[in-house]
Amino acid sequence: MLSPADSLAPDWLVVPDDANSLAQAVWPAAADRDAGGALVLGGMPVAELVRQYGTPLLVLDEDEVRERARAFHDAFARATAEHGTSSRVYYAGKAFLSTAVARWVTEEGLNVDVCTCGELEVALAAGVDPARIGFHGNNKSVSEIERAVSVGIGTIIVDSAVEIERVAVAAARIGTVQRVLVRVNSGVHAETHDFLATAHEDQKFGMPFGDAEIAVARIRELPALEFVGLHCHIGSQIFGVAGFRESASRVLELHEKLLAGGEIPLLNLGGGFGIAYTSVDDPTPIGQLAAEIVGAVAAGCAERGIPLPILAFEPGRAIVGTAGVTVYEVGTTKAVTLDSGASRLYVSVDGGMSDNARPALYGAQFSARIASRTSDVPSALVRVVGKHCESGDIVVDHEYLPGDVAPGDLLAVPATGAYCMSLASNYNHVPRPAVVAVTRGSSRVIVRGESLDDLLARDTGISITEGA
Ligand code: LLP
């Protein structure tokens, strides 16, 4: 038996009183265990889901997504109404987009932010009104822009001078006036992983303020374009309001300057609202975040004596992250003991970095629980790893699980709804898992899992040779 006091555990990880417990902030609100101790998601026993759909499996709790979408919509609507303006909340589809999810979030009052034509087509296939879609990206192609303008997309967030001309040409050719925002780089470095921070100076997104002024002047002289406001996004997985407040204050300076050239109805402050991945993460409730961020922008506008614009936000992770739970089957376990005597149990599951690249990409931390049963056996320090041919193929870096975790157990990793499936790959020719939506005791596949036939379908080498 491994000691829970194992020295390989990081300082932040505490030995749980109960290694079967489901930390409230990390799991969907409806997650529970049945009388036998097995995990139930959205009213569906996980073992039953696995019988029907296999493992690995991403289970997405529809009610949790809807509830979070509504919470963001309502929190910003309330906060902005208190200051005499209104809000637009865009779901950032890059977190995870499928037609079902696009439908759920728009039914709950959100708009949709897309950053490629692929995401745009999924939103359109879901029946999302194009006027409710915003189009991002630092390198939108001419054909992507033409498609977006021709379907009547609500806004295009331009990211460079080159793009302004492209959008103007497309809009003029199609005979419409395209509403555009200009993405600026506010220079605020959000306290998050470097690759998740998007507004420090030396990176590809947004325009420096000086260039943005020239860009807005150019947009205002082009009859096929309508300038509706500035956009900034400081990064992702951000806790607290300090970064948003600082960024908004800097952007308001430019916003005020630009008012000399005409009205500016909107200000988009982007997304980045953090979620809990482990029990040590403590995100600020959305009602409080919305009140504080909107309050800060309203105070900034009042100080400058300028009208408070409509405020837009783009949460992705905070809408779907906590709604997703990935279920794996444990294949092997192996205790590894170092020369120091410290040890941990490696628990290998039947997926890995192909369905969750976040630990490998960002050193992201997750948590895990045995899903098929509970156990009173004292906890052991484990590292959950995947089946890929890489030592960095880690799913959960540090966790305590009941020490009798064994092959055949189902293992659930919560908070995997955002940026797991959307970043999934076929590394090592592992098929990507199905996504199953659960709600109140029912389940349905919303994205089917890949088969080996799918993997071979794009491999044309041998058939070409044989056919020749
Ligand atoms: N708006 C813009 C312009 C963005 O670039 C992003 C995220 C969002 C909104 C949504 O951010 P969220 O609310 O989801 O944090 N793959 C990384 C995250 C990359 C985020 C990219 N942009 C991860 O797994 O953490």
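Both ligands and their constituent atoms are indexed starting at 1 by order of listing. Sequence positions, counted from 1, serve as the residue numbers for this chain.
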A.B. asks: Would you please indicate yes or no on a ring centroid separation below 6.0 angstrom for Phe273 and Phe244?
C.D. replies: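 Ring-ring flag for Phe244/Phe273: true, centres closer than 6.0 Å.
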
A.B. asks: Can you find an N or O of Glu314 that's nearer than 3.5 Å to an N or O of ligand 1?
C.D. replies: yes

A.B. asks: Measure from atom 16 (N) of ligand 1 to every heavy atom in Phe96, Tyr277, Phe273, Tyr362 and give the option owning the shortest one.
C.D. replies: Tyr362

A.B. asks: Does at least one non-hydrogen atom of Ala318 fall below 4.0 angstrom from an atom of ligand 1?
C.D. replies: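 No; Ala318 lies far enough from ligand 1 that no heavy-atom distance drops under 4.0 Å.
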
A.B. asks: Above 12 or not: heavy atoms from other molecules or residues under 6.0 Å from CD of Gln288?
C.D. replies: yes

A.B. asks: As an exercise, identify every atom of ligand 1 less than 4.0 angstrom from a heavy atom of Pro315.
C.D. replies: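 By the 4.0 Å cutoff, the relevant atoms are 13 (O).
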
A.B. asks: Less than 4.0 Å between a side-chain N and a carboxylate O, is that true for Glu146 and Arg166?
C.D. replies: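 No, this pair does not count.
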
A.B. asks: Should Arg432 and Asp355 count as an ion pair when the cut-off is N to O under 4.0 Å?
C.D. replies: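 Salt bridge flag = no for Asp355 with Arg432.
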
A.B. asks: Of the backbone atoms (N, CA, C, O) and the side-chain heavy atoms from C-beta on, which set of Arg317 has a member under 4.0 Å from an atom of ligand 1: side chain, backbone, both, or neither?
C.D. replies: both

A.B. asks: Is the closest basic N to carboxylate O distance between Arg66 and Glu107 below 4.0 Å?
C.D. replies: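 Counted as a salt bridge, because a side-chain N and a carboxylate O are separated by less than 4.0 Å.
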
A.B. asks: If I apply the N/O under 3.5 Å rule, does Arg183 come out as touching ligand 1?
C.D. replies: no

A.B. asks: Show me which atoms of ligand 1 lie under 4.0 Å from any heavy atom of Gly316.
C.D. replies: 12 (P), 13 (O), 14 (O)

A.B. asks: Number the atoms of ligand 1 from 1 as they appear, then name those within less than 4.0 Å of a heavy atom of Gly272, with their elements.
C.D. replies: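 Ligand 1 atoms under the 4.0 Å threshold to Gly272: 11 (O), 12 (P), 13 (O), 15 (O).
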
A.B. asks: Strictly under 4.0 Å, does any heavy atom of Gly270 approach an atom of ligand 1?
C.D. replies: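 Contact absent.
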
A.B. asks: Between Asp454 and Arg448, is the closest basic N to carboxylate O distance under 4.0 Å?
C.D. replies: yes

A.B. asks: Out of all atoms in ligand 1, which are within 4.0 Å of some heavy atom of Asp113? Include the element for each.
C.D. replies: 1 (N), 9 (C)

A.B. asks: Please work out whether any backbone atom (N, CA, C, O) or any side-chain heavy atom from C-beta onward of Leu361 is under 4.0 Å from ligand 1, and answer side chain, backbone, both or neither.
C.D. replies: neither

A.B. asks: Charged N to carboxylate O under 4.0 angstrom, Glu246 versus Arg250?
C.D. replies: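 A salt bridge links Glu246 with Arg250.
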
A.B. asks: Can you sort out which atoms of ligand 1 are near Ala92, meaning under 4.0 Å from one of its heavy atoms?
C.D. replies: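 Within the 4.0 Å cut-off of Ala92, ligand 1 contributes 8 (C), 9 (C), 10 (C).
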
A.B. asks: Step by step, work out the ring-ring contact (aromatic ring centres under 6.0 Å, His included) result for His231 and His136.
C.D. replies: CA-CA 10 Å; His231 173 284; His136 268 288; 4.5 Å; yes

A.B. asks: Short N/O distance, under 3.5 Å, between Leu423 and ligand 1?
C.D. replies: no

A.B. asks: Taking only Lys NZ, Arg NE, NH1 and NH2, and the carboxylate oxygens of Asp or Glu, determine whether Glu144 and Arg147 approach each other closer than 4.0 Å.
C.D. replies: no

A.B. asks: Considering only heavy atoms, which of Gln237, His233, His231 lies nearest to atom 6 (C) of ligand 1?
C.D. replies: His233

A.B. asks: Determine whether the side chains of Ser236 and Tyr419 contain a donor N or O and an acceptor N or O closer than 3.5 Å.
C.D. replies: no

A.B. asks: Considering Arg358, His136, Lys94, which one's heavy-atom position lies nearest to atom 24 (O) of ligand 1?
C.D. replies: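 Selected option, by shortest heavy-atom distance: Arg358.
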
